[in-house]
Amino acid sequence: MERHRRTIALLAAMMCGLVPPAVTAGPVSAAPVVATDGLREGQAYRSFIVTPEPGAALSVAGTRTLATGGEVVRAGRPLDAAGARAFMAELAASPGVASVEPDLPVARTSTPDDPRYGEQWPLWQVYGQTDSALRVDEAWDTGADGGGVTVAVLDTGIRPHADLTPNLVAGYDFIADPANTADGDGRDGDARDPGDWNDEGDCGATAFSPSSWHGTHIAGIVAAVRDNGIGVTGVAPAARVQPVRVLGTCGGLDSDIADAIVWAAGDPVPGAPVNPTPARVINMSLGGYGPCGPTLQAAVDKALSRGASVVVSAGNAAADAADYHPANCAGVVTVGATGDDGYLASYSNHGDTVEVAAPGGWGYWRDNDPAHRVLSTVDAGAREPSGDAYGVMRGTSQAAAYVSGAVALLLSRRPDLTPAQVSDYLMRDARRLPLGGGWYNSAYPIGGGLIDVARTIHDATGTPGGECTVCTGSAVIVDVAVPTGTPAPVHLAGTLSALGTGRPDWDPASVRAMRWMRTSWDGTGTPAWRIQLAGTPGATIDYKLTLGGWPTVERARDCAETPNRTVTLPGDGTLWAYATVDNWNGTGLCSGA
């Protein structure tokens, strides 16, 4: 009788939004986990996830059951961080509860640009200064095109863009709250993006915010149709894209995203039809502050067990990715962003949580010129859809999409690979990024470095030709400033046999120097050359520079031939060497020497 009176009191209080609902008793076990790490001051919380102990039944009116077994519980009113902690403590005090977590919000992780066109980056030449970082064109030469692979894009939905429609398969809308959908209903089979604009005051917006068409942009990076005479091409132009809508006008919630992950991978979800085309790659270009809760982790685990690689953007807070979910979930491929200068982008999250990096656009030393961002498919509408268009964005969202496309290419050649093997290939075949905190490179680690798609595929398929100039392991990058108007390519000479060439000098024709413009603090550009060397850690390399060929060697100011410079390859990582060339034999002050 006493328990009956307590249940009635709790239900009455819940109707006033004061305490959580009662939970039926279950087997006695360890104290429940109460995950409050993700709560932040100034944030309102209303939705929570309660997971029962094995064998225990939860009786919570007005909620829905998740694919991971948890129940979504909504408070009667929005709660601040302190109120949310109290609410969660009440839930945890009920028998049969294994864990309680806030249903944390997430949002898209790129900043949409105004609808205008800029200079398009060639897909296979994203880094002009570091020479085709992705090498997608060479990956296509292997026959990899993404055919037979489905990539689920968990995002705002997708528009039926002409550059995407041939590659689209049926998806699902997992936004449960009709107030957040913009299409007036809850979950259904329509994954088209109706627009996610906000008027002033909506979702905390201080001014009108146009629709982002974020999901369409991500899908175009992954698998826009190639060779159709219009627009752009995706990384994996023959892959299938499955739109899974989880972000509405006010972002999204973990509960919807967890169900979407499970459904995309092919496992059943209460109230949703079984996915007829399970995805091998799940792209989540989204994120929010806080830990990866048990529900989200359980969903990721289900996807991994089904053989789906889960690719996640690291976030755009210029902070440690370990503090942001789902980037910090175990088993996912977390992707940081590089700018078009080839270095860690100023906005990108970083740290040991990040597995690899890919182009996100617009790094430290770039202005807002659209040419330095990533071009892809969008809609032209500021609010509702109004027709196909192309636009530029930047962010770790775009970086994650590049990696998802790369994984689709890899799986089209090696469909037998597990998610763990996919992650291993990506990391070990990436190009390590330089560290050091200089004016154009970062002190922060960003995983294995820039993905090299061609090398990854060659490595995974055991075919030759995939070696990049500088990959993981030990490398020296010689960064050389040269006079304006240098008349010929810069090459290396010296005792380079330590690199295993078997020759006392390297043939200049075999060493490609990349022309680039070093940006100074004052914004001016200095012509420079960049030459990359790789070899056995600990090896000592002597080098000097030649102009166009062997006869014309670098000379000092007194016109004496410059002695060889000496560098020792580090045990791990990349060493950056520098040189400023003032004179050459036959040019400048030493003319006629």
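- Remark: the Ser423 side chain and the Glu355 side chain contain no N/O donor-acceptor pair separated by less than 3.5 Å.
- The disulfide (SG to SG under 2.5 Å) analysis of residues 256-295, with sequence neighbours excluded, yields the pairs Cys292-Cys329.
- Checked by atom type, the side-chain pair Thr353/Asn328 shows no donor-acceptor distance below 3.5 Å.
- Closest non-hydrogen pair, Met284 versus Pro326, comes out as CE-CG, 3.9 Å.
- Between His161 and Val378, the closest heavy-atom pair is CD2-O, 3.2 Å.
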Stepwise side-chain hydrogen bond (donor to acceptor under 3.5 Å, both in side chains) test for Thr142 and Arg413: CA-CA 9 Å; Thr142 70; Arg413 293 295 311 278; 3.3 Å; yes
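- Screening Asp155, Asp183, Asp256 for a salt bridge (Lys or Arg N to Asp or Glu O under 4.0 Å) involving Arg245 leaves a single residue, Asp183.
- Of all heavy-atom pairs spanning Asn180 and Gly251, the tightest one is ND2-O, 3.0 Å.
- Note that the CG atom of Asp173 and the CZ atom of Arg192 stand 11.0 Å from one another [nearest 0.5 Å].
- Side chain of Asn275 to backbone of Ala264: a donor-acceptor contact under 3.5 angstrom is found.
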Steps toward side-chain contact (heavy atoms from CB on, under 4.5 Å) verdict (Val281, Leu411): CA-CA 9 Å; Val281 187; Leu411 290 174; 3.9 Å; yes
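- Judged by distance alone, with hydrogens and angles left aside, the side-chain atoms of Tyr45 form a donor-acceptor pair with the main-chain N or O of Arg40 at under 3.5 Å.
- Side-chain atoms of His325 and Asp254, non-hydrogen and from C-beta on, do get closer than 4.5 Å to each other.
- Minimum heavy-atom separation, Ser313 to Ala327: O-CB, 3.6 Å.
- Going from atom CG of Asp163 over to atom OG1 of Thr216 covers 11.5 Å, rounded to the nearest 0.5 Å.
- Panel note: side chain Glu384, backbone Gly195; no donor-acceptor pair is recorded below 3.5 Å.
- Atom CZ of Arg46 is surrounded by more than 12 heavy atoms from other residues, nucleotides or ligands within 6.0 Å.
- Side chain of Ser211 to main chain of Arg383: a donor-acceptor pair is present (N/O by atom type, distance under 3.5 Å, no hydrogens or angles).
- Remark: side-chain polar atoms of Ser376 are paired, donor with acceptor, to backbone N or O of Ile221 under 3.5 angstrom.
- Annotation: disulfide (SG to SG under 2.5 Å) contacts involving residues 178-207, sequence neighbours excluded, comprise Cys203-Cys250.
- Judged by distance alone, with hydrogens and angles left aside, the side-chain atoms of Thr396 form a donor-acceptor pair with the main-chain N or O of Gly315 at under 3.5 Å.
- Side-chain contact check for Trp213 versus Thr156: every heavy-atom pair is 4.5 Å or farther apart.
- Checked for salt-bridge contact, Asp459 and Arg455 miss the test: no charged N lies under 4.0 Å from a carboxylate O.
- Here the side chain of Arg414 pairs a donor or acceptor atom with the backbone of Ala460 at under 3.5 angstrom.
- Side-chain contact between Asn198 and Phe208 is absent, with no heavy-atom pair separated by less than 4.5 Å.
- With values rounded to the nearest 0.5 angstrom, Asp301 atom CG is found 6.0 Å from Leu304 atom CG.
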Take Asp379 and Asp193, measure what side-chain contact (heavy atoms from CB on, under 4.5 Å) needs, and give me the verdict at the end. CA-CA 10 Å; Asp379 191 276; Asp193 186 350; over 6 Å; no
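- Considering only heavy atoms from C-beta on, Arg373 stays 4.5 Å or farther from Gln398 through its side chain.
- In summary, of the residues considered (Ile230, Leu164, Asn167, Thr165), a side chain to side chain contact (heavy atoms under 4.5 Å, CB included) with Val225 occurs for Asn167 alone.
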List the steps and the verdict of side-chain contact (heavy atoms from CB on, under 4.5 Å) for Leu66 and Ile49. CA-CA 9 Å; Leu66 301 177; Ile49 304 172; 3.9 Å; yes
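- By the neighbour-count criterion of 12 heavy atoms within 6.0 Å, atom CG of Asp352 is sparsely surrounded, having that number or fewer from other residues, nucleotides or ligands.
- Asn283 contributes atom CG, which lies 12.5 Å from atom CD of Gln242 (distance to the nearest 0.5 angstrom).
- When every heavy atom of Ala358 is checked against every heavy atom of Val403, the shortest pair comes out as CB-CG2, 3.8 Å.
- Closest heavy-atom contact between Ala139 and Ala454: N-CB, 3.9 Å.
- The main-chain N or O of Asn349 is never found under 3.5 Å from a side-chain atom of Tyr324 such that the two would form a donor-acceptor pair.
- Electrostatic pairing of Lys302 and Asp259 does not count as a salt bridge here, judged by no charged N lying under 4.0 Å from a carboxylate O.
- Within the 4.5 Å cutoff, the side chain of Val269 has no heavy atoms near those of the Asp267 side chain.
- Residues Arg64 and Pro270 have side chains not in contact (no heavy-atom distance under 4.5 Å, counting atoms from C-beta outward).
- Separating the CD1 atom in Ile282 from the CH2 atom in Trp263 is a distance of 10.5 Å, to the nearest 0.5 Å.
- The line from CZ of Arg159 to CG of Leu168 is 11.0 Å long, rounded to the nearest 0.5 Å.
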List the steps and the verdict of side-chain contact (heavy atoms from CB on, under 4.5 Å) for Thr68 and Thr51. CA-CA 8 Å; Thr68 57; Thr51 300; 5.7 Å; no
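- Residues Thr295 and Glu101 meet the side-chain proximity criterion, which asks for heavy atoms closer than 4.5 Å.
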